[in-house]
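Lettering of chains follows the sequences in order, A, B, ..., and the numbering in each one begins at 1. This one's a predicted model, so the numbers in the text were calculated from it and none came from an experiment.
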Amino acid sequence: MCSPGLAEIKDVVAANKETAMTEQPVRVRFAPSPTGYLHVGSARTALFNWLYARQKGGVFLLRIEDTDRQRSTKESIDAIFDGLRWLGLDWDEAPRYQSEHMETHRKAAQTMLELGVAYRDFSSDDEAETRRAADRKEGRVYRAAKMRALSAAESKRRAVAGEPFVLRFKVPAGGGSASFVDGVYGPLSRSFDEIEDFALLRSDGTPVYMLSVVCDDYEMRVTLVLRGQDHLTNTYKQILIYEALGWPIPNFAHLPLILAPDRSKLSKRKHGEVVSVGAYRDRGLLAAAFRNFIALLGWSPGDDREIMTVDELIAAFSIGGINKSNAVFNFDPADPKKWTDPKAIWMNGHYLSNMPLDALLPLVKSELGQAGLWDDRFEREDARQFAEIVALIRARFYSTKDFVTLGRPYFTEDFGIDPEAARKNLGEIAMPDLLDALANHLETASSFDLPTAESLVRGVAAVAGFKAGVVINGARTALTGQAVGPSMFHLMIALGRDRCVSRLRRCANRLRDERARATA
RNA sequence: GGUCCCUUCGUCUAGUGGCCCAGGACGCCAGCCUCUCACGUUGGUAGCACGGGUUCGACUCCCGUAGGGACCGCCA
C-alpha cells in the first residue's frame, strides 16, 4: 500500500517518453462543461472534432467536465447530448464523466509532489491574495517562493499536522520556456517566467481543471486536442504537466472565437438565446443548415463552396483551413428578422427549398403535430396533395415554423384573413360577386387542372370587365387569407376544387355580411 | 497592468510575392421574370487598419503604431 519510490516513478516517466504519439489512430474529444445549454461555439468545436475524426477514420469522444457540481445537473448534461444528437454528431465510446476520475487525478498530483515538480502551498487565502496582487503590480507571475523553498520534510510535517494547503505546480525557474506547435497558430512558446505556479489540488484535495484535463486526455489517449482559443495559454501549463509526468504530448490546435456584434465573447448572459443551439432547433432551423452554417465560421474549404453536405464537409475539412482571426456572429436583437445571423437564416431557407421533399415531410408533420394541425389523412388518402402543398409553399419559407404560421391556411379551414390583405385585395365592391362567379364556374367545370383554373379566372375577370389581377389577388386572399403566396393557379390546384369553392363562397358571404353591417 | 494571439467589403470568407486597380457568399440597391410575395436571374454597392521598411514588384515578408481578443482563480 505504500506509494512507489522515486526511482521507480522516474523509470516509468522515462518509459512513457519512449511512446511516440505519431502513428496512432486519431482520437479527438469534445469536452464541454455542463452549463444548461449547448453554446454555438461549443457546437462548432464539437463539429470540427467530429469532422476530423470522421475524415481520418478516427474516434470522436465525449467528456463531460462536471466537476462543478452545482451546474452539473442531469438537465444540464442532457442539453449537451440533445444538442449534439440534433446536429448529428455521434460519439464513439461511452461519455467519460470527469468527476468519476478525481481519484486518478489526485494520484497524478501526488506523483508530481513526489517527483518534486509540485509543492504544497500553505499560504492562507489572504496571503496568497496579497502576494498575487503584488506580483501582478510588479509584472511578475505568482510564485510562492517561501513555500517552494520548504524542505520536503518540513512540508510533509505541516501537511501531516493537518495544515491546509493547495498543491501547486513548481514551474521551472532559471530560464527556459514551454513550447508547442499549434495546428492553427503555428509555433508558440512562453517563457517559464511568464507562467505562474498554478494550482493542481485544492485545499480540500480535489483536483483542479488544469490537472484533470491533462489526466483525462492522457487516459483517453487523445491524439489531437482541438478546442477554443480561450484555452491557448492554458496549453503551456498543460504541457508542463505532461512533461513532468512523462506522458506523450498530444497535438494541439486552437479555434478562433465566435464574437458577438459588439466584439465581445458570445455569452448567454449578455446575448441571450442566440448563443444556444437549442434555440435554433426551437425556432425551426434545420440541423443540416445550421451545421453547414457554423462549419463556415472560422473555417473554409479553400474554394468558393458554401452549401455542403455532411459528406462534403467531412471530405473537405482540414486543420489548415481554419482561420486565425475571430469570427463575428452578426445578429441584431432589435430586429426580429435578424434574431440570428442573416446568413444562417438565408441558408436555412435554401435548405428548406432545396432539400429532398421526402426528408422535409416528416419535419413538417412534426411541426403541424405540435401546433395541433396534423391530420392523419395527410399521410394516407391525402398524402399526394399534402406533398404538393408542402412543395408549393416551402419556396418562400425560412424556418419550419413558417409551415404552421404562414402555412396555416394550407392545412386547415380554421384560418383568419389578414386585415391588411383584405384591405388591399378584397375592397372592390364587386368582389363578392366575382368570387361567387368563380366558385360557380369552378364547381361546374368539366375538368379541374392548371389551364382550366387559369382560363376560368381570367374568364370571370374579362366578363366582369376587370383586369385579371383583381380577381387573381382577390381569390388568393379569399383562399388563403393572405396577400402573398404561391402562384394563384398552382395554389388552386394544390388546395383542390372543393376547398376552393367553399372558401370562395365563405369569403364572399363574409364580405356581404360585413358590408351589410357597415351600412346598417 | 503583464504575457500572448489576431487585423481583406457591414458580416462570413478566398488569397501563402507578380494570375488581384483583390474573388465568392450573406445583407443592401436596381433591372429582368410576374397575378402578389418570394425564388431565380442579371448588374450594382462596399474591403487589403495605419506608417515605415525589404523587393524590380507587396494583400501577401519584416518592424512599429493603432484597434480588437484571450489568458493571468483553490471556475471549467
Side-chain angles (χ1 to χ4, degrees), chain A residues 31-35 65-68 71 98 121 125 128-129 132 135-142 164-168 182 184-185 188-191 193-196 198-210 212-213 228-234 236-237 254 256-257 259 261 263-265 293 296-307 323-331 338 341-347 349-350 353-354 393-398 406 421 424-425 454 457-458 461 467-477 482-489 491:
Chain A
S33 56
T35 52
E65 309 214 315
D66 58 346
T67 50
D68 181 342
R71 288 196 294 184
Q98 191 159 70
D121 180 357
D125 285 358
E129 191 58 38
R132 200 187 312 282
D135 283 341
R136 175 177 290 216
K137 198 171 174 188
E138 280 160 49
R140 256 181 294 114
V141 113
Y142 184 86
F165 64 88
V166 352
L167 192 75
R168 289 185 183 281
D182 189 275
V184 172
Y185 292 94
L188 258 20
S189 80
R190 185 171 210 187
S191 159
D193 297 339
E194 304 296 341
I195 304 174
E196 73 278 6
F198 53 95
L200 260 14
L201 250 33
R202 301 187 184 89
S203 51
D204 65 0
T206 57
V208 171
Y209 164 80
M210 205 64 69
S212 297
V213 186
Q229 196 227 58
D230 44 345
H231 291 284
L232 196 62
T233 47
N234 287 335
Y236 302 106
K237 298 175 195 167
H254 290 87
L257 267 21
L259 269 27
R263 312 278 150 158
S264 68
K265 212 169 156 182
F293 174 73
L296 263 17
L297 241 33
W299 173 81
S300 120
D303 51 40
D304 286 342
R305 284 180 297 166
E306 299 225 280
I307 302 293
N323 234 76
K324 289 188 178 74
S325 50
N326 294 337
V328 172
F329 213 52
N330 192 22
F331 61 96
K338 292 184 190 160
D341 197 305
K343 190 163 179 173
I345 297 172
W346 163 79
M347 195 172 274
H350 179 91
S353 307
N354 296 96
I393 62 182
R394 68 169 171 169
R396 30 183 70 64
F397 288 175
Y398 286 95
L406 298 170
K424 193 176 162 203
N425 292 331
E454 177 154 6
V457 172
R458 291 190 187 280
K467 290 205 296 190
V470 174
V471 178
I472 290 172
N473 291 324
R476 175 181 292 107
T477 301
Q482 298 166 0
V484 302
S487 153
M488 229 288 287
F489 309 119
L491 168 65

Problem set entry | Closest to the A:Asn330 side chain, choosing from B:C5, B:G10, B:C71 | B:G10
For this session: Under the ring-ring contact (aromatic ring centres under 6.0 Å, His included) rule, collect the residues that match up with A:Tyr398, sequence neighbours excluded.
Result: none
For nucleotides 22-24 of chain B, list the nitrogen or oxygen atoms of the protein found under 3.5 Å from its nitrogen or oxygen atoms, one pair per line.
unit_1, atom_1, unit_2, atom_2, d
B:G24, N2, A:Glu306, OE2, 3.4

Problem set entry | With sequence neighbours excluded, residues passing side chain to side chain donor-acceptor pair (under 3.5 Å) with A:Gln98 | A:Glu65, A:Asp216
Exercise. Any side-chain N or O of A:Arg132 under 4.0 Å from OP1/OP2 of B:C74?
Worked result: yes
Exercise. Counting side-chain heavy atoms from CB outward, which of B:C74, B:U36, B:A70 is closest to A:Lys265?
Worked result: B:A70
For this session: Spell out protein contact along nucleotides 28-34 of chain B as letters: B when the base is contacted, S when just the sugar-phosphate is, - when no protein heavy atom is under 4.0 Å; keep the 5' to 3' order.
Result: -------
Exercise. Any idea which of B:U36, B:C6, B:C74 is nearest the A:Ser325 side chain?
Worked result: B:C6
For this session: Over 60° means perpendicular and under 30° means parallel, so classify the ring planes of A:His350 and A:Trp346, tilted if in between.
Result: tilted
Exercise. Could A:Arg168 and A:Glu196 be called an ion pair, given the rule that one side-chain N must be under 4.0 Å from one carboxylate O?
Worked result: no
Mind listing the N/O atom pairs, protein and nucleotides 60-66 of chain B, below 3.5 Å?
none

Problem set entry | Annotated protein contacts, base or backbone, on nucleotides 38-44 of chain B with a non-hydrogen cut-off under 4.0 Å, one of B, S, - each | BS-----
Exercise. Checking only heavy atoms, does the side chain of A:Thr233 share a donor-acceptor pair with the base of B:C4 at less than 3.5 Å?
Worked result: no
Problem set entry | Under 3.5 Å donor-acceptor pair, A:Asn323 side-chain atoms to B:C12 base atoms | no
Problem set entry | Pairing of A:Lys343 and A:Asp341 as salt bridge, 4.0 angstrom limit | no
